[in-house]
**Student:** 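Got a structure for you, written out below as structure tokens; questions coming shortly.
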Amino acid sequence: MFSLQGITNGIEKWLHNNMSANMALLVECAIVIFLAISLFAILGLILVLMERKVAAHMQIRLGPNRVGPFGMLQTTADTLKLLLKEGLTPDGADKFLFNLAPFVIMIVAMLILAPIAFATGFQIWDLNIGVLYVTAISSISVIAILMAGWASNNKYSMLGAMRSGAQIVSYELSAGLSIISIVVLTGSLQISEIIESQRNGWWLFKGHIPAVIAFVIFIIAVTAETNRAPFDLAEAESELTAGFHTEYSGMRFALFFLAEYINIFIVCAIGATLFLGGWMPLHIGSWQGFNHIMDFIPSSVWFFGKTFLLIFLIMWFRWTFPRLRVDQLLSLEWKYLLPISMFNLLLMTVVAIMGWHF
Amino acid sequence: MSITVVLFWFLTALALLSAIMVLLSKNPVHSVLWLIVVFFAISGHYILLNAQFLAIVNLIVYAGAIMVLFLFVIMLMNLNAETEPQKNTWLKLAGAISGGSLLLILVSVIRSATDMTGRTAQVGEGNIGLISNLGKALFSEYVVPFEISSVLFLSAMVGAVVIGKKD
């Protein structure tokens with residue numbers, strides 16, 4: 001039957017039959033790089049369009065509707081425009097770091113892609129600490145933002161970068177704790193095992209109330225970590241012009257923009273993997289017939305469906321809540337979310353030890 | 001030459017080069033960024049040794065947390081080349097001599113360590129650095145030092161809160 005796993009296995013077998021082991025590895029690397037870059041390009045186009053359409057829908061207007069059918073080619077036209085624009089470097093800027101920062105933020109976004117399982121057996125690197133890897137690498141993106149803000153030699157950029165740093169460093173904690181509370185249930189950090197443990201139901205439903213609390217905290221924390229409204233203090237337009245990327249123009253600005261959307265995709269993919277079973281179809285306990293019907297829907301459709309549902313949720317937030325002040329932002333994390341998620345972790349441990357989960 | 005060997009030499013060269021650049025950079029922000037590159041190269045070495053957990057913890061703790069704090073502080077201090085105090089020549093000479101002596105001692109100790117001679121690293125195999133083994137060792141053999149160090153961290157955090165509090 002046609003499946004992504006079958007295709008990858010076929011390609012690997014063919015490469016190993018026709019080449020030496022080293023050459024086959026290099027060719028596989030090249031294929032993975034090509035696929036990752038094309039995924040990024042396509043996701044950028046789709047997510048920007050989706051954001052504009054969702055925003056338009058929330059505000060009862062039409063959104064982009066001139067270029068292509070239903071305005072679907074609008075983002076392609078925008079990308080073309082950005083490619084042709086001049087990339088300016090300010091005079092007082094640290095030239096090297098200023099030009100390096102957008103690439104660092106893209107590289108970090110690409111690195112997080114490694115352990116994500118897109119479909120059954122379709123994963124770049126199934127390392128045994130997959131979830132921890134994602135938290136570790138996503139904390140590196142602060143460095144790129146600080147680099148961009150500092151190298152721009154602009155007060156607004158610097159303020160935006162500092163805010164972003166404080167925000168990401170603090171919200172990482174509760175995101176990590178809510179991830180750990182699912183790891184307590186599965187007993188493994190490996191993505192494939194976490195997905196496999198949800199064969200008889202998703203953790204959001206199996207883990208009772210602690211899992212629901214963890215899910216809500218995770219969504220809030222990742223919205224803050226990706227610098228999205230209502231937590232978009234790093235680029236608050238009304239106070240900081242555009243925050244850490246004020247001085248960027250042309251394609252380098254586009255890379256920051258793209259990285260933001262890629263990060264949203266990645267955190268939503270992680271959320272879908274941990275709480276909604278990743279590529280695992282909706283299974284309910286021992287309802288054999290129901291589970292069998294659900295298995296007919298391909299696993300990649302399940303994965304992208306869940307991920308885009310979460311992305312829609314995060315876009316919905318943006319047009320629902322007003323922006324927080326910086327002191328409200330930090331007190332929300334340190335005085336509310338962190339104690340709640342610590343207590344929730346204890347509760348989850350009790351649930352796991354007593355075997356109360358399904 | 002296998003890919004592992006190529007990667008090993010690449011990461012080693014990267015680590016040494018960026019460690020030298022940490023010292024040679026005039027700008028403290030550049031120094032910190034080079035230090036982050038060093039940590040990445042060392043994490044790469046851990047991954048070659050199949051110690052994935054150590055590699056990731058190295059990134060979280062050093063590159064992700066401590067270096068971000070360094071960057072924060074240095075970026076806020078507004079250090080320029082003009083305001084930086086110039087150390088006198090005798091101080092530099094004394095530093096070079098004491099550093100050199102330390103290097104000499106370290107090299108001689110490593111060369112004379114008999115139980116390390118003739119051993120080779122396990123590349124891509126061995127499971128001592130994996131999370132389950134490390135966790136078992138920490139919570140069985142080394143449980144008392146582990147708990148004591150956590151009390152130390154707690155007291156450090158309380159101290160930071162007390163200092164940060166507006167009387």
Side-chain angles (χ1 to χ4, degrees), chain A residues 20-26 28-29 94 96-97 100-101 104 107-108 111 114-115 125-147 149-153 155 157-159 161-166 168-170 172-173 176 183 187-190 334, chain B residues 1-7 21 25-37 39-40 43-44 46-47 50-81 127 129-135 157 161 164:
Chain A
S20 66
N22 282 347
M23 263 319 275
L25 187 65
L26 286 179
E28 280 170 11
C29 283
D94 187 321
F96 178 65
L97 290 185
L100 187 67
V104 172
I107 289 169
V108 168
L111 280 177
W125 186 25
D126 189 21
L127 78 171
N128 69 358
I129 42 162
V131 181
L132 197 64
Y133 173 87
V134 173
T135 17
I137 303 296
S138 63
S139 67
I140 306 296
S141 64
V142 192
I143 291 169
I145 289 176
L146 283 174
M147 228 176 184
W150 181 80
S152 300
N153 193 22
K155 289 191 183 78
S157 303
M158 194 66 210
L159 278 173
M162 289 294 165
R163 282 183 180 186
S164 169
I168 294 178
V169 166
S170 41
E172 222 169 51
L173 293 172
V183 171
S188 171
L189 290 160
Q190 198 164 358
W334 293 101
Chain B
M1 213 153 69
S2 76
I3 286 180
T4 320
V5 176
V6 175
L7 276 176
M21 287 308 289
S25 304
K26 293 275 182 209
N27 193 326
V29 174
H30 289 184
S31 288
V32 174
L33 292 172
W34 279 115
L35 199 54
I36 292 169
V37 178
F39 288 133
F40 264 87
S43 282
Y46 280 136
I47 289 175
N50 207 22
Q52 297 160 1
F53 180 69
L54 282 183
I56 294 305
V57 165
N58 188 36
L59 281 188
I60 292 183
V61 174
Y62 289 103
I66 293 181
M67 284 302 118
V68 170
L69 286 182
F70 271 42
L71 272 182
F72 252 80
V73 173
I74 291 174
M75 284 177 177
L76 284 176
M77 283 208 297
N78 193 23
L79 293 171
N80 294 321
N127 47 14
L130 298 186
I131 186 165
S132 55
N133 298 317
L134 202 68
M157 269 191 277
V161 170

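Since the structure is predicted, the reported quantities are computational estimates derived from the model, not experimental observations. Residue numbers start from 1 in every chain, and the chains themselves are labelled A, B, ... in the order their sequence lines are given, proteins ahead of strands.
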**Student:** Nearest heavy-atom pair of B:Ile60 and A:Ala136: which atoms, and what distance?
**Tutor:** CG1-CB, 3.3 Å

**Student:** Quick one: closest heavy-atom pair of B:Gln52 and A:Asn128, and the distance?
**Tutor:** OE1-OD1, 2.7 Å

**Student:** Walk me through it: do B:Leu71 and A:Met147 pass the test side chain to side chain contact (heavy atoms under 4.5 Å, CB included)?
**Tutor:** CA-CA 9 Å; B:Leu71 272 182; A:Met147 228 176 184; over 6 Å; no

**Student:** Go through the atoms of A:Met158 and report whether side chain, backbone, both or neither lie under 4.5 Å from a heavy atom of chain B.
**Tutor:** side chain

**Student:** Given the options A:Val142, A:Ile168, A:Ile140, A:Leu189, which has more heavy-atom pairs under 4.5 Å with chain B than any of the others?
**Tutor:** A:Ile140

**Student:** Check whether B:Val29 gets within reach of chain A through its side chain, its backbone, both or neither, counting any heavy atom under 4.5 Å.
**Tutor:**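 For B:Val29, the contact with chain A is made by the side chain alone.
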
**Student:** Under a 4.5 Å heavy-atom cut-off, does chain A meet the side chain of B:Leu33, its backbone, both or neither?
**Tutor:**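 When you check distances to chain A, only side chain atoms of B:Leu33 fall under 4.5 Å.
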
**Student:** What part of B:Phe40 lies closer than 4.5 angstrom to a heavy atom of chain A: side chain, backbone, both or neither?
**Tutor:**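 The answer is the side chain of B:Phe40.
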
**Student:** With sequence neighbours excluded, give me every side chain to side chain donor-acceptor pair (under 3.5 Å) pair touching residues 64-74 of chain B.
**Tutor:**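 Sorted result for residues 64-74 of chain B: empty, none.
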
**Student:** Pick whichever of A:Leu26, A:Val169, A:Leu132 has the most heavy-atom pairs under 4.5 Å with chain B.
**Tutor:**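 Between A:Leu26, A:Val169, A:Leu132, the count favours A:Leu132.
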
**Student:** Are more than 12 heavy atoms, taken from residues, nucleotides or ligands other than B:Phe72, located less than 6.0 Å from that residue's CZ atom?
**Tutor:**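 Atom CZ in B:Phe72 is packed in, count exceeds 12.
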
**Student:** Can you confirm whether more than 12 heavy atoms, excluding those of B:Tyr62, are under 6.0 Å from its OH atom?
**Tutor:**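 At most 12 heavy atoms, drawn from other residues, nucleotides or ligands, come within 6.0 Å of this atom.
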
**Student:** Considering residues at least two apart in sequence or located in another chain, which fulfil the side-chain contact (heavy atoms from CB on, under 4.5 Å) criterion with B:Val37?
**Tutor:**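 Expected list: B:Leu14, B:Ser18, B:Trp34.
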
